[in-house]
Amino acid sequence: MHAKEARKLTEENIRPFEVIIQDIEQSASRGNQMICIPVVTPEYQMKLVELGYKISKHTDPIGLDLTKIEW
């Protein structure tokens, strides 16, 4: 698979907004105050900000760039 094909596949399978909200609910129910997700579209980021979440970039120890969602 070429990188271009992999990017297209990733874009076609971005986590839906409703699933991100479910992930937040599950994480909060375990006492967490944040989650990190690999790909969050700018549209979804704006929706989250409108709901009061703080959005930032996070790079984990092995160099993977993630979107950090805090509440």
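Predicted, not measured: the structure shown is a model, and the values here were computed from it. Quick note: residue numbers are just sequence positions, from 1.
- Two different hydrophobic clusters hold L64 and V39 under the rule that ILVMFWY side chains link at heavy-atom gaps under 4.5 Å.
- Within the 4.5 Å cutoff, no side-chain heavy atoms of K68 are placed close to those of I55.
- For the pair F17 and L48, the minimum side-chain heavy-atom distance is below 4.5 Å.
- For the residue pair C36 and L66, the shortest heavy atom distance occurs at CB-CD1, 3.7 Å.
- The minimum heavy-atom distance between Q45 and V40, with the atom names listed, is NE2-O, 2.9 Å.
- If you take NE2 on H58 and CD on E70, they are separated by 10.0 Å, rounding to the nearest 0.5 Å.
- The cluster map of Ile, Leu, Val, Met, Phe, Trp and Tyr, joined by side-chain heavy atoms under 4.5 Å apart, puts M34 and I21 in different clusters.
- Side-chain contact between Y53 and I24: present, with at least one pair of heavy atoms (C-beta onward) separated by less than 4.5 Å.
- Annotation for E12: atom CD counts as buried by contact number, over 12 foreign heavy atoms lying within 6.0 Å.
- For the pair K8/K4, no side-chain contact is recorded, criterion being any heavy-atom separation below 4.5 Å from C-beta on.
- Side-chain contact check for W71 versus I35: some heavy-atom pair is nearer than 4.5 Å.
- Listed for the S27 side chain is no donor-acceptor partner under 3.5 Å among the backbone atoms of D23.
- V19 and I14 fall into different hydrophobic clusters, where Ile, Leu, Val, Met, Phe, Trp and Tyr residues are linked whenever their side-chain heavy atoms come under 4.5 Å apart, directly or through other members.
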